[in-house]
Protein chains: 2
Amino acid sequence: MVNKDEIRESVLKVAQEIFTRFGFHKTTMDDIARGMGKGKSSIYYYFNSKEDIFRAVVEKELGDLRNKIISSVSEAKGPKEKLKAYVIERMQGLRNLVNLFNVLRTEFITQRDFTDQIRMKTDEEEINIVRSILDEGVLDRIFHLEDTFLTAVAIVTALKGMEVPLVVSQVNKESHLEMTLDRLLDVLFYGILKR
Amino acid sequence: MVNKDEIRESVLKVAQEIFTRFGFHKTTMDDIARGMGKGKSSIYYYFNSKEDIFRAVVEKELGDLRNKIISSVSEAKGPKEKLKAYVIERMQGLRNLVNLFNVLRTEFITQRDFTDQIRMKTDEEEINIVRSILDEGVLDRIFHLEDTFLTAVAIVTALKGMEVPLVVSQVNKESHLEMTLDRLLDVLFYGILKR
DNA sequence: TAATTTTGGACCGTTTTAGTCTAATAGTCG
DNA sequence: CGACTATTAGACTAAAACGGTCCAAAATTA
């Protein structure tokens with residue numbers, strides 16, 4: 001037997017592609033099944049519903065992004081580089097997930113609880129990550145700030161504010177992203193770096 | 001009254017975007033209507049069926065490509081430049097229409113007559129375009145060939161053969177296209193140019 | 001072999017779909 | 001204005017597609 005979890009994973013991989021491409025409503029369970037080269041009931045053997053799959057996809061992608069951010073941050077040397085790594089990795093990762101989150105936003109409006117839940121959980125995690133970077137920076141006397149928690153909240157909020165233009169305009173996202181990234185880093189470091 | 005044909009045109013424009021993005025079956029008439037900011041019955045006032053719209057879209061895009069090729073060819077100076085312009089314009093135009101023709105190929109398999117009809121018509125036109133370029137080249141003693149018609153057929157066929165990798169692999173289409181374009185021109189001119 | 005996991009395919013109630021119909025509105029022209 | 005036509009929205013229908021279930025068969029394991 002091929003491990004059940006592995007098949008679950010590959011279902012999610014297939015589903016993620018199709019959901020990203022076609023959205024929630026235009027994706028059918030038969031599409032996913034066909035993408036797996038299996039019958040529909042096989043899919044229902046691993047998942048309870050279409051919505052379950054979508055939620056699992058979102059959570060998986062979010063988790064993957066989180067892991068990537070954490071590993072990239074931990075590899076960077078020094079708080080300043082770490083903060084930069086966090087911002088870059090977060091923006092890059094988001095760029096890949098724009099479509100998926102667009103689906104979440106536009107087709108799951110009724111499901112406020114799920115969207116909120118996702119947001120709250122990720123917000124808390126992100127704030128913690130940023131805060132620990134800031135703490136390290138303060139300890140090393142590289143960052144100069146009064147309250148690392150509030151600053152972390154501010155940074156994460158600022159980045160979240162950038163999701164909107166990223167999500168809304170998919171046309172010129174690349175140029176927009178490149179332009180704003182340096183400026184964003186400047187702004188962030190301007191208020192934080194000891195001069 | 002805004003000209004009826006203009007509205008038809010803008011319906012085709014909207015429909016082309018949605019068909020390109022979602023394919024034939026995943027595009028609903030309500031999608032098109034919503035894209036026009038109108039009710040569904042308004043669309044049926046201008047077209048008889050969903051299939052009609054799709055056919056009109058394909059024919060329009062094909063016609064536009066044809067016009068672009070012709071104008072680009074007529075602007076180029078000399079047979080050699082003309083032939084190059086034809087190849088480039090054709091490949092570029094096709095690159096934009098890959099998805100649409102993918103839809104035509106994968107979702108209209110049953111409608112053999114339509115697909116064949118489209119193909120035959122465009123083939124004939126293309127061969128004529130290329131042939132007239134070749135004729136000019138022979139007249140100018142730049143190209144050296146026995147039979148311009150057969151050569152035109154060969155060139156068009158060769159280009160059609162390149163559609164397949166273009167259509168099949170959408171992932172690395174750009175790099176593939178750039179790489180093959182120069183080589184293709186080399187090959188074409190190798191057999192044709194007087195040395 | 002027997003027990004268990006996994007699958008295909010028929011099936012069901014519901015929703016969505018392409019397409020129609022009609023009545024209302026907007027626009028035209030004498 | 002008033003008669004006429006062009007255009008629209010929205011309710012409607014029959015058919016198809018949909019998410020999801022069921023069960024027997026196949027495959028896997030032991």
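In what follows, chains carry the letters A, B, and so on, assigned in the order in which the sequence lines appear, proteins first and then strands, with residues in each chain numbered from 1.
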**Student:** How would you list all residue pairs meeting side chain to side chain donor-acceptor pair (under 3.5 Å) that involve residues 67-77 of chain A, not counting sequence neighbours?
**Tutor:** Ser72(A)-Glu89(A)
**Student:** Which residue is it: Glu59(B), Glu61(B), Glu125(B)? I am looking for the one with a salt bridge (charged side-chain N to carboxylate O under 4.0 Å, His left out) to Arg66(B).
**Tutor:** Glu125(B)
**Student:** Grab the NZ-P distance between Lys50(B) and dT20(C) for me, whole Å please.
**Tutor:** 14 Å
**Student:** Looking at dT7(C), I'd like to know if its phosphate oxygens (OP1 or OP2) sit under 4.0 Å from a side-chain N or O belonging to Tyr46(A).
**Tutor:** yes
**Student:** Describe, as an angle rounded to 10 degrees, how the axis at the first end of the helix from dT1(C)-dA30(D) to dG30(C)-dC1(D) is tilted relative to the axis at the last end, five pairs per end.
**Tutor:** 30°
**Student:** Tell me which nucleotide among dA18(C), dT5(C), dG19(D) gets nearest to the side chain of Tyr44(A).
**Tutor:** dG19(D)
**Student:** I'd like to check the side chain to side chain contact (heavy atoms under 4.5 Å, CB included) partners of Lys38(A); sequence neighbours left out, ordered by chain and number.
**Tutor:** Ile7(A), Met36(A), Ser42(A)
**Student:** To the nearest angstrom, how far is Ile32(A) atom CD1 from dG20(D) atom P?
**Tutor:**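 Between P of dG20(D) and CD1 of Ile32(A): 10 Å.
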**Student:** For the pair made of CG in Asp31(A) and P in dC18(D), what is the distance, rounded to whole Å?
**Tutor:**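 Distance, rounded to whole Å: 7 Å.
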**Student:** Heavy atoms from C-beta onward define the side chain here; which of dG20(D), dT6(C), dT7(D) lies closest to that of Lys4(A)?
**Tutor:** dT6(C)
**Student:** In this structure, how many angstroms lie between the P atom of dG20(D) and the CG atom of Asn48(A), rounded?
**Tutor:**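 Taking CG of Asn48(A) and P of dG20(D), I get 10 Å after rounding.
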**Student:** When the distance from CD1 of Ile53(A) to C1' of dG20(D) is rounded to whole Å, what number comes out?
**Tutor:**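 After rounding, the reported distance stands at 12 Å.
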**Student:** Which residues satisfy the side chain to side chain contact (heavy atoms under 4.5 Å, CB included) test with Arg131(A), sequence neighbours excluded?
**Tutor:** Asp135(A), Thr148(A), Phe149(A), Ala152(A)
**Student:** Do Arg90(B) and Glu126(B) sit within salt-bridge range, that is, some charged N less than 4.0 Å from a carboxylate O?
**Tutor:** yes
**Student:** Starting from P on dA10(C), measure out to CG on Asp30(A) and report it in whole angstrom.
**Tutor:**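 Atom-to-atom, Asp30(A) to dA10(C), this comes out as 13 Å.
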**Student:** For residues 23-42 of chain B, pull every pair meeting ring pair (Phe, Tyr, Trp, His ring centres under 6.0 Å), keeping only residues two or more places apart or in separate chains.
**Tutor:**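 Checked against ring pair (Phe, Tyr, Trp, His ring centres under 6.0 Å) - neighbours excluded - the pairs reaching residues 23-42 of chain B are Phe19(B)-Phe24(B), Phe24(B)-Phe54(B), Phe24(B)-Phe108(B).
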**Student:** Can a salt bridge be assigned to the pair Asp31(A) and Arg34(A) using a cut-off of 4.0 Å between side-chain N and carboxylate O?
**Tutor:** yes
**Student:** What is the distance from OH of Tyr45(B) to C1' of dC21(C), rounded to the nearest Å?
**Tutor:** 16 Å
**Student:** Salt bridge check: are Arg55(B) and Glu51(B) linked by an N-O gap of less than 4.0 Å?
**Tutor:** yes
**Student:** Here's one to test your reading of the geometry: is the NZ or CZ of Lys4(B) within 45 degrees of the ring axis of Tyr45(B) and under 6.0 Å from its centre?
**Tutor:** yes
**Student:** Provide, to the nearest angstrom, the distance between the NZ atom belonging to Lys26(A) and the P atom belonging to dT16(C).
**Tutor:** 12 Å
**Student:** I need the residues from residues 33-41 of chain A with at least one non-hydrogen atom less than 4.0 Å from DNA chain C; give them sorted by number, or say none.
**Tutor:** Lys38(A), Gly39(A), Ser41(A)
**Student:** Nearest to the side chain of Met29(A), which nucleotide is it out of dA18(C), dT7(D), dG19(D)?
**Tutor:**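 Looking only at heavy atoms from C-beta outward on Met29(A), the closest nucleotide is dG19(D).
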